[in-house]
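Read the structure below first, then the notes.
Position 1 is the first residue of the sequence, and the numbers go up from there. Basis for what follows: all heavy atoms, side chains included, without hydrogens, waters or symmetry-related copies. Just so you know, these numbers come straight off a predicted model, no measurement behind them.
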Amino acid sequence: MSIATNGKAHHTHTHRLEMHSSQHTSHAERAEVIFGADVFSERVMQQRLPKDVFKRLQRTILHAEAIDNDLADIVAAAIKEWALERGVTHYTHWFQPLTGSTAEKHDSFLAPDGHGGAITEFSGSALVQGEPDASSFPSGGLRATFEARGYTAWDPTSPVFINRNAGTATLCIPTAFVSWTGVALDTKTPLLRSMDALSEQAMRILRIFGTDAGVSRVMATAGCEQEYFLIDRNHYFAREDLLACDRTLFGAKPPKGQQLEDHYFGSIPTRVIGFMSEVERDLYRLGVPLKTRHNEVAPGQFELAPIFETANVACDHQMLVMEALRRVAARHGLACILHEKPFKGINGSGKHLNWSMSTNTGANLLDPRDETHSNMQFLVFLCAVIRAVDLHADLLRASVASAANDHRLGANEAPPAIISIYLGDMLSDIVNQLEKGHAKSTIKGGNLDLGARTLPQIPRHTGDRNRTSPFAFTGNKFEFRAVGSSQSVGWPATVLNTIVAESLDFVATRLEKDTAGKSGEAKLQSAVRGLLQEIIKKHKRVLFDGDGYTAEWHQEAARRGLPNFRESVAALSVIGQKKNIDLFKKYRVLKKEEVESREHILIEKYIKQVLIEAETALVMARTQILPAAVRQQTELARAVEATDAAGADSGETRTALDDFLGVVHNLRNAITTLEEAVEADHNGDIHAHAKHVRDAVRPALNALRDAGDATETYVAADLWPLPSYRAMLSIK
C-alpha cells in the first residue's frame, strides 16, 4: 500500500512532507519530545549553533552549497558536545558500499593529552572526511586488492544520528564512499549526483513556465515501503538455509498457507505488535518517520511504511529500517527475514519505491490538482516520466535484478518483469485527449453512496489501483513496485532520477527552442501541446492499465516491442551497453568504468548467491535430509521383516517401502546432478559463469528441492530434522 493519497484533504499535508531536504527534522523534533531523539535535528542545530552558522548550514542543506572548513569546525564542535552529553564514546563515518548493506569503522573521541590523561577531539576535518580501507569492498575491477586507500565524505543533507546497540552509543555520520582516484564505490555518491542532474533539468522546465523567485532547487523525494517475514528465532537457527541464504531451500507445502486470505490486514498478533512498537520507538529516535504497520498477505508476513522524504535521506533511513527490524526481532525471540522469497508457495516480499519531485519551496511537481487537463506544467513532468520509462525500461528493469528477486517478479504476487506504466482512468483519459491535440476536461471521482443511512457518502478517487503494474501513478507520485525487499533503494532511485533527468533535458531543449523569441501564454501552451502530443504518440506503448498477470498482456507487450527480461542474468547484461554508459556519463552520474563495475558486481553477486544456495542445499541434503530418509527406509524395512516373521501379510508395507525407495533414489540422483553442476569450470568468464548458474545450477537446485520436499512428505515427523513450514509460519 502507499502512503500519499490523491484525496483532497491529504494533499497539502503530503506536499509539505515532501518539500525540503530537512523535512525529516519535523518528525525528528516530535520524536525528540516524546522519546528523546538521537538525531542531530534542525531544532538541535538551531539551539546549539550560532545564528549565522545555522543559516550557512541550512543553505548547504537546502541549496546544495559546499561547506567550508571554518563552518565544519564549528558544526563538529557542536555535534561532539551534543553527542558526549548523550553518552556517545565513538564516532563513525556510516556509508553504503556496493555490498547492498552499510559499513562503519568506529573511532574514539578520546585522545592522549600528553600528560598522562585524555581529551576529547572531533575536528571539522574528522566530520567531513574519513579514510577507511577500500581494498576489501566490491569494486568490479575499479581497484586492485593492493590499492587500499578510500575516502568517506560527509553528506550534510542527511542527519547525523546516534546508534545505540548492546549498551554502546556511536555517533553515525552519513557519508559517501569513493576511492583514492575519486571513483564511486558506494550507492550514495551516484544517487546524490543523479539528484543534482534531476534538479538541473527540472529547473529548466520551471523557468520556462515562469517559476517562483524562491525556487532554487528541485529534489527527488521517496518513501520506501518494506515487507518482511517474522519467524520464531529457534526455528531460524535450526535451519542452515535460513542462516546462510535468508530463504528456505527445502520445505513441503503446508495444508494451510494463504488460501483463506485471512492474514492480510488481520489483527496483528500480540507478540508482533510488541515487536512493531519497539521498532517504531527505535526508529523515531533516529528521526525515521514511520506511518503505517499491518499484516501482509502471506502468513508470517508484515509491512511498514514511512512518510516521504528527500531521496537520499529516505535511502539512508531505509537502511536503518532494515537494521532495526533485524535487531529488534532478536529481542523478541524472533528472526526477521528480508529475502524476496523466503518460503515457496506463498507471497514473497517487495519494497515499493514511491517517488516524486518537489521544489525547495513546497510544490509537488507531480500533483495533478483539481483541473488536471489545464495544469500544463504537471502534464509536462508527467509525459517526461512516461518518455523516460519507455526509453529506458531495460535499465529500470536491470536496477531491480537479483537472484533473490527472480523468485518474486512475475509470480502473480508482484509485478511482471515487463516494465509498464499505470496512470488510472483520469490521467489515461487526459493523455488520450492530448494525443488528439488538446485536453479539455478532467474526469471527476464523485462520491460513493453506500446505501445505508448511517454510513456517509465518501469521496471516490478518479481511478482504481493496479497492483499488477510495476510503475503506477498513485495520486501525486509514482510507485515503482518491482524493487526487492532486501535491496538498497539507492540504485533504483539513481536510475530513476537519471532517466527522468534525460527526459526533462529533452523536453526543456525542445520547449526552449520552440518558444525562443516568442512571448505570451498562448505561444507556450501551443508549443507544450505539440510536444506532449508527439511524446504520447511515440511512447504510449508503455502505458497499460489492465491485468499484468495475464498471458494476453505478455503477448500484447511483445507486439508493442516492450522488453521482457524474465530473469536477472539477461537484465543485468544491459547495464554496460553503450547507450546506458553514455546516459550516465552525460549527466555526470557515473563514469564509464563506474557503470561497468556495477554490472560486474551485480552479476558476480548473482553467481555467488546462487552458488551459496547450491552448496548449502547440498550440505543439508547430504547431512540432514538423506540420513533422515535412510532412517525412515530402515524402519520400513524392519516393519516388513517383522511382519513377514510374524506370518502376516506385509504387502502394503512392502509397497510403501518400494515407493519410498524410489523417492530416496530420486533424492540421491538430484544430489549428484547438483554436485556436477556446481563443479563446472568457466575459466574466469563471469558472463559465461552466470549463464551456467542460471541454466544448469538453478534447475538442478530446484530439482533437489523438489526431491527433498517429496521426501519430507514420507518421513515421520519425529525423524524429520528441519522445522516445517507449518511450524515456522505460525507466529503466536
Side-chain angles (χ1 to χ4, degrees), residues 2 194 220 222 224 340 348 350-356 366 382-402 404-424 427-428 431 465-474 477-484 487 489 491-503 535-536 538-575 577 579-580 583-584 599 602:
S2 56
S194 73
C224 312
E340 283 71 7
K351 182 183 305 184
H352 304 168
L353 171 57
N354 297 280
W355 177 91
S356 189
L366 289 179
L382 175 73
C383 289
V385 175
I386 292 172
R387 178 184 177 276
V389 173
D390 182 39
L391 285 179
H392 304 287
D394 57 345
L395 188 57
L396 204 56
R397 166 67 178 92
S399 75
V400 298
S402 71
N405 216 12
D406 277 355
H407 294 286
R408 168 182 164 264
L409 288 182
N412 280 26
E413 64 193 65
I418 305 166
I419 300 296
S420 65
I421 296 176
Y422 168 80
L423 292 179
L427 288 183
S428 292
V431 165
R465 292 175 182 260
N466 188 330
R467 66 181 298 274
T468 71
S469 175
F471 200 81
F473 189 81
T474 54
K477 59 184 173 56
F478 280 98
E479 183 180 20
F480 188 19
R481 300 184 65 252
V483 184
Q487 183 178 4
V489 295
W491 176 232
T494 297
V495 169
L496 189 51
N497 292 342
T498 306
I499 65 176
V500 173
E502 185 276 332
S503 205
I535 290 174
I536 291 167
K538 189 172 183 179
H539 301 288
K540 66 179 182 179
R541 66 174 187 165
V542 79
L543 302 178
F544 178 66
D545 285 358
D547 186 352
Y549 291 157
T550 64
E552 289 78 12
W553 164 236
H554 286 245
Q555 296 163 5
E556 171 63 22
R559 284 192 291 271
R560 295 186 187 188
L562 297 178
N564 183 7
F565 297 101
R566 292 178 174 85
E567 47 74 35
S568 289
V569 175
L572 292 172
S573 66
V574 309
I575 295 175
Q577 291 179 357
K579 77 176 187 70
N580 294 326
L583 170 72
F584 286 117
E599 178 183 333
L602 290 168

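A side-chain donor-acceptor contact under 3.5 Å links Y549 to the backbone of A414. Of the possible donor and acceptor atoms, one in the side chain of S399 sits under 3.5 Å from a partner among the backbone N and O of L396. The backbone N or O of V569 sits less than 3.5 Å from a side-chain atom of E567, completing a donor-acceptor pair.
S402 has its side chain out of reach of Q487: every pair of non-hydrogen atoms, C-beta onward, lies at least 4.5 Å apart. Here the side chains of V574 and R397 are not in contact, with every heavy-atom distance at 4.5 Å or above. At least one side-chain heavy atom of C383 sits under 4.5 Å from a side-chain heavy atom of I536. The shortest side-chain heavy-atom distance between S420 and P470 falls under the 4.5 Å cut-off. Between H554 and I418 there is a side-chain heavy-atom pair separated by less than 4.5 Å. Inter-residue side-chain proximity for I386 and L543 is flagged as met; some heavy-atom pair is nearer than 4.5 Å. W491 has its side chain within reach of L602: a pair of non-hydrogen atoms, C-beta onward, lies under 4.5 Å apart. At a threshold of 4.5 Å between non-hydrogen side-chain atoms, the residues L562 and I419 do not count as touching.
Using cut-offs of 30° and 60° on the angle between ring planes, the pair F478 and F471 is parallel.
Taking each heavy atom of A482 and V400 in turn, the nearest pair found is O-CB, 3.6 Å. Annotation for A398 and A571: closest pair CB-O, 3.3 Å, computed over non-hydrogen atoms. The two residues S194 and A493 come nearest to each other via the heavy atoms OG-O, 4.4 Å. Of all non-hydrogen atoms in K477 and N354, the two that sit nearest each other are NZ-OD1, 2.9 Å. Nearest approach of P415 to R408, heavy atoms of both residues: CD-NH2, 4.1 Å.
In summary, E502 and R387 engage in a salt bridge, as defined by a charged side-chain N under 4.0 Å from a carboxylate O.
Inspection of the E340 and H407 side chains reveals no N or O donor paired with an N or O acceptor under 3.5 Å.
For K538, the NZ atom sits in a loose shell: 12 or fewer heavy atoms of surrounding residues, nucleotides or ligands are nearer than 6.0 Å.
With rounding to the nearest 0.5 angstrom, the CD atom of Q555 is 6.0 Å from the CD atom of E552. Remark: D390 CG to I499 CD1 distance equals 10.0 Å, nearest 0.5 Å. Taken from CZ in R559 to CZ in R541, the straight-line distance is 14.5 Å, to the nearest 0.5 Å. In this structure, D547 CG and S469 OG are separated by 11.0 Å, a value rounded to the nearest 0.5 Å. Here T468 contributes atom OG1 and R481 contributes atom CZ; the two are 7.5 Å apart, rounded to the nearest 0.5 Å. Considering CZ of F480 and SG of C224, their distance stands at 12.0 Å, rounded to 0.5 Å.
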In sequence, state the C-alpha distance, the side-chain angles, and the governing distance for W355 and L366, and then conclude on side chain to side chain contact (heavy atoms under 4.5 Å, CB included). CA-CA 10 Å; W355 177 91; L366 289 179; 4.1 Å; yes
For a side chain to side chain contact (heavy atoms under 4.5 Å, CB included) check, start with the C-alpha distance between N405 and V483, then their side-chain angles and the critical distance, and finish with the verdict. CA-CA 8 Å; N405 216 12; V483 184; over 6 Å; no
For the pair N580 and D394, evaluate side chain to side chain contact (heavy atoms under 4.5 Å, CB included) and give the outcome as yes or no after the intermediate values. CA-CA 10 Å; N580 294 326; D394 57 345; 4.3 Å; yes
Checking L423 against L382 for the side chain to side chain contact (heavy atoms under 4.5 Å, CB included) test, could you report, in this order, the C-alpha distance in whole Å, the side-chain angles of both residues, the deciding distance, and whether it holds? CA-CA 10 Å; L423 292 179; L382 175 73; 4.0 Å; yes
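Among residues two or more places apart in sequence or in another chain, the ring-ring contact (aromatic ring centres under 6.0 Å, His included) test is passed with F544 by W553.
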